[in-house]
Asker: 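Below you'll find the structure I mean.
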Amino acid sequence: MQAGAGRLGAVAAAAALALLVAGCGGASTGSGAPTTTTAKATTTTTGPAGSWSKAIPMAPGADLSVVSCPAAGVCLAGSTAGQTFELFYDKVTPLGPPVPAPSPQGASFLACATPGFCAAAPNLNQVAFYNGMGWQAPTTIAAAQGFTAVACTGPSFCITIDGEGNSFNYDGRSWSGNLGAWGAANQISCVTPAFCVAAEGGPSVWDGHTWTQPNDADAAGQLNSVSCATTSFCVLVDSNGGALTWNGQGFSPPASVASEPPLAGTNASGLTGVSCPTAVFCRAVDSLGRVFGFNGTSWTSGTLIDAGHALTSVSCPTTAYCVAVDRAGNAFVSS
């Protein structure tokens, strides 16, 4: 499948993006669904982890579990019901489900490599591609048993893991046979087709041929999210509020980032998402609505941007633009 078939498929030129960010907010096509126009959000929260807009209603009442922004001003988000939405600067367009009767098995079933190429695996054994205009007919991978995560570097490489530890990759033409992972993954992050890291029971590394057996680098919590800026820098965050880093050789022990008094029956201190466009800039979000920043050396204290809701995912295509989403259908933008 070739990227660039749609409105954003050619990866908007810098000049065009500059006009759009200045307030043009061009038309959004999506899949023919109505476009929701929201008033341009004003920045209302500033703290150690940057300045963040007020809530932008993407899908009121929906539990948004993943957001992926391949470029500043262009993001796709997915819900736990398998619905997807485009955020194009201040315009929201419902894109519908990528596959018929979706049943997402994991939080990170959606990943965008460019504005004209995204992949979604929200079904037991189906994967669909987005070309900048809408979702294409899905492909069925008969051997798959409940996809939990997908990641892509571009139109010629994607990789998935299912709930049974089966992994399949896409080479631009077709999906491979079972590559063999070690269990379900909450998220996968790829820098090249020869380097990916999966947040499984422990971190697992893809070398272009096989997945390493997950180690016990984090015995304190469940790994929820991973983001790799280079082959020698990745961050994984866990349900205990800790963050691990990869230095090209191995994983560090978890460092405490988020902590608060435990609440009975809840995972109050969980870091739920992380995004690192460079090795000296990361943003992580937690289940209390806070954002944390990393500068290459240390993590900031939390900036509360979403009181009363859990933030579930964050995506930063650049150090100057990030989007976080929550379980109430809202998006928050830092730029």
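Below, each value reflects all heavy atoms present in this structure, side chains not excepted, and no hydrogens, waters or symmetry copies. The shown structure was predicted, so the numbers you read here are calculated from the model rather than taken from an experiment.
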Asker: Could you report the tightest heavy-atom contact between Ala198 and Ile161, atom names first, then the distance?
Answerer: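 Taking every non-hydrogen atom into account, CB-CD1, 3.9 Å.
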Asker: Examine the side chains of Thr148 and Gln105 and answer whether a donor and an acceptor come within less than 3.5 Å of each other.
Answerer: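 No pair is found: no donor N or O on one side chain lies under 3.5 Å from an acceptor on the other.
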Asker: Evaluate Ser103 against Leu124 for side chain to side chain contact (heavy atoms under 4.5 Å, CB included), listing each step before the verdict.
Answerer: CA-CA 7 Å; Ser103 54; Leu124 297 178; 4.1 Å; yes
Asker: Keeping the roles fixed (side chain from Ser334, backbone from Ser51), state whether a donor-acceptor pair exists under 3.5 Å.
Answerer: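 Yes; judged by distance alone, with no hydrogens or angles, the pair exists.
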Asker: Using modelled atom types and a 3.5 Å cut-off, is there a donor and acceptor pairing between side-chain atoms of Asn240 and backbone atoms of Gly242?
Answerer: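 No.
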Asker: Which pair of heavy atoms, one from Phe195 and one from Val205, lies closest together, and at what distance?
Answerer: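 Between these two residues, the closest heavy atoms are CE1-CG1, 3.9 Å.
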Asker: Quick one, Val323 with Ile56, criterion side chain to side chain contact (heavy atoms under 4.5 Å, CB included). Give me CA distance, side-chain angles, the key distance, then yes/no.
Answerer: CA-CA 10 Å; Val323 172; Ile56 300 171; over 6 Å; no
Asker: Can you measure from CH2 (Trp182) to CG (Asn215) and round to the nearest 0.5 angstrom?
Answerer: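 Trp182 CH2 to Asn215 CG: 12.0 Å, rounded to 0.5 Å.
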Asker: Calculate, to the nearest 0.5 Å, the distance between atoms CG and CZ belonging to Asp306 and Phe332 respectively.
Answerer: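 It comes to 3.5 Å.
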Asker: Which class fits the ring pair Trp299 and Phe294: parallel under 30°, tilted 30 to 60°, perpendicular over 60°?
Answerer: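 The arrangement is tilted - the two ring planes meet at 30° to 60°.
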Asker: Has Ser189 got a side-chain atom pairing as donor or acceptor with Val197's backbone, closer than 3.5 angstrom?
Answerer: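 No: the side chain of Ser189 does not pair with the backbone of Val197.
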Asker: Looking only at side chains, do Ser65 and Thr312 share a donor and an acceptor under 3.5 Å apart?
Answerer: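 No, because no side-chain N or O of Ser65 sits under 3.5 Å from a partner of the opposite role on Thr312.
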Asker: Heavy atoms, side chains only, cut-off 4.5 Å: are Val237 and Val257 in contact?
Answerer: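 Not in contact.
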Asker: Would you call Cys234 and Thr245 a side-chain contact if the rule is heavy atoms closer than 4.5 Å?
Answerer: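 Answer no - side chains too far apart.
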Asker: To the nearest 0.5 Å, what is the distance between OG (Ser227) and CZ (Phe233)?
Answerer: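 It is 8.5 Å, given to the nearest 0.5 Å.
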Asker: Relative to the ring of Phe129, is the ring of Trp175 parallel (under 30°), tilted (30 to 60°) or perpendicular (over 60°)?
Answerer: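 Trp175 vs Phe129 ring planes: parallel.
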Asker: State, with a plain yes or no, whether a side-chain heavy atom of Ile159 is found less than 4.5 Å away from one of Cys190.
Answerer: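 Yes; the side chains approach each other to less than 4.5 Å.
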Asker: If I compare all heavy atoms of Thr303 with all of Ala49, which pair ends up nearest, and what's the gap?
Answerer: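 Nearest pair, atom of Thr303 first, then Ala49: OG1-N, 3.0 Å.
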Asker: Once you find the SG atom in Cys316 and the one in Cys322, is the distance between them below 2.5 Å?
Answerer: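 Yes.
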Asker: Return yes if a side-chain donor-acceptor contact under 3.5 Å exists between Trp135 and Thr84, otherwise no.
Answerer: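 The answer is yes; a qualifying pair exists.
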Asker: Go through Val333 and Trp52 one step at a time and tell me if the side chain to side chain contact (heavy atoms under 4.5 Å, CB included) criterion holds.
Answerer: CA-CA 5 Å; Val333 178; Trp52 290 82; 5.7 Å; no
Asker: Would you check if the side chain of Ser68 reaches a backbone N or O of Leu110 as a donor-acceptor pair within less than 3.5 Å?
Answerer: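 Looks like no, no N/O pair under 3.5 Å.
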Asker: Decide, based on the SG atoms alone, whether Cys282 and Cys276 are under 2.5 Å apart.
Answerer: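 Answer is yes: Cys276 pairs with Cys282 in a disulfide.
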Asker: Taking all non-hydrogen atoms of both residues into account, name the closest pair between Glu200 and Ala181 and its distance.
Answerer: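 Glu200 and Ala181 have their closest heavy atoms at OE2-CB, 3.8 Å.
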Asker: Spell out, yes or no, whether Ile305 and Val285 are grouped together once hydrophobic residues are joined by side-chain heavy atoms under 4.5 Å, including indirect joins.
Answerer: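 Ile305 clusters together with Val285.
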Asker: Classify the ring geometry between Tyr170 and Phe117 as parallel (under 30°), tilted (30 to 60°) or perpendicular (over 60°).
Answerer: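 Rings of Tyr170 and Phe117: parallel, under 30°.
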Asker: For the residue pair Leu244 and Pro254, establish whether any side-chain heavy-atom pair is separated by less than 4.5 Å.
Answerer: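 Yes, their side chains come closer than 4.5 Å.
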Asker: Check whether Tyr89 reaches the backbone of Ala72 with its side chain - one donor and one acceptor, N or O, closer than 3.5 Å.
Answerer: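 Answer holds: yes.
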Asker: Answer yes or no: is there a donor N or O on one side and an acceptor on the other, between the side chain of Thr153 and the main chain of Thr192, under 3.5 Å?
Answerer: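 Looks like no, no N/O pair under 3.5 Å.
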Asker: Taking the side chain as every heavy atom from C-beta outward, state whether Pro98 and Gln126 have any atom pair closer than 4.5 Å.
Answerer: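 Not in contact.
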Asker: Is Gln187 reaching over with its side chain to a backbone N or O of Ala185, donor-acceptor style, under 3.5 angstrom?
Answerer: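 No, Gln187 side chain to Ala185 backbone: no donor-acceptor pair under 3.5 Å.
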Asker: How many angstroms lie between atom NE2 of His209 and atom CG of Asp207, to the nearest 0.5 angstrom?
Answerer: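 Nearest 0.5 Å value for the NE2-CG distance: 6.0 Å.
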Asker: Looking at side-chain heavy atoms only, is the closest gap between Thr45 and Val291 below 4.5 Å?
Answerer: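 They are not in contact (no side-chain heavy atoms under 4.5 Å apart), so the answer is no.
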Asker: Report yes if some heavy atom in the side chain of Phe168 is under 4.5 Å from a heavy atom in the side chain of Asp162; otherwise report no.
Answerer: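 Yes, at least one pair of side-chain atoms sits under 4.5 Å.
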Asker: Closer than 3.5 angstrom, by distance alone: can the side chain of Gln222 be matched with the main-chain N or O of Ser239 as a donor-acceptor pair?
Answerer: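 It does not hold such a pair.
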Asker: Kindly determine whether Val66 and Phe109 satisfy side chain to side chain contact (heavy atoms under 4.5 Å, CB included), including the steps that lead there.
Answerer: CA-CA 7 Å; Val66 58; Phe109 66 84; 4.3 Å; yes
Asker: In a single word, yes or no, tell whether Cys152 and Cys158 have an SG-SG distance below 2.5 angstrom.
Answerer: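 A disulfide is present here, as the SG pair of Cys152 and Cys158 is separated by less than 2.5 Å.
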Asker: Hey, does Thr278 have a side-chain heavy atom less than 4.5 Å from the side chain of Thr319?
Answerer: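 Thr319 reaches Thr278 side chain to side chain.
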Asker: Could you tell me whether the side chain of Asn166 and the main chain of Ala144 form a donor-acceptor pair under 3.5 Å?
Answerer: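 No.
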Asker: Grab the two heavy atoms, one from Ala331 and one from Leu87, that are nearest each other, plus how far apart they are.
Answerer: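 Closest approach of Ala331 to Leu87: CB-CD2, 4.2 Å.
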Asker: Does any N or O in the side chain of Trp206 come within less than 3.5 Å of the main-chain N or O of Pro193, such that one atom is a donor and the other an acceptor?
Answerer: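 Checking the backbone N and O of Pro193 against the side chain of Trp206, a donor-acceptor pair under 3.5 Å is found.
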Asker: Any chance you could measure Thr272, atom OG1, to Leu311, atom CG, to the nearest 0.5 Å?
Answerer: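 Separation between the atoms: 6.5 Å.
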Asker: Among Leu271, Asn186, Leu223, which residue satisfies the side chain to side chain contact (heavy atoms under 4.5 Å, CB included) criterion with Asp238?
Answerer: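 For Asp238, the side chain to side chain contact (heavy atoms under 4.5 Å, CB included) check succeeds only for Leu223.
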Asker: Measure across Pro214 and Gly202 and return the closest heavy-atom pair with its distance rounded to 0.1 Å.
Answerer: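 Closest pair (atom of Pro214, atom of Gly202, distance): CB-O, 3.5 Å.
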Asker: Is there a continuous path of hydrophobic side-chain contacts, each under 4.5 Å between heavy atoms, that joins Phe157 to Leu179?
Answerer: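 Linked within one cluster.
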Asker: Under 2.5 Å between the sulfurs of Cys75 and Cys69, yes or no?
Answerer: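 A disulfide, yes.
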Asker: State the CG-OG distance between Asp171 and Ser156, to the nearest 0.5 angstrom.
Answerer: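 One gets 8.0 Å once the value is rounded to the nearest 0.5 Å.
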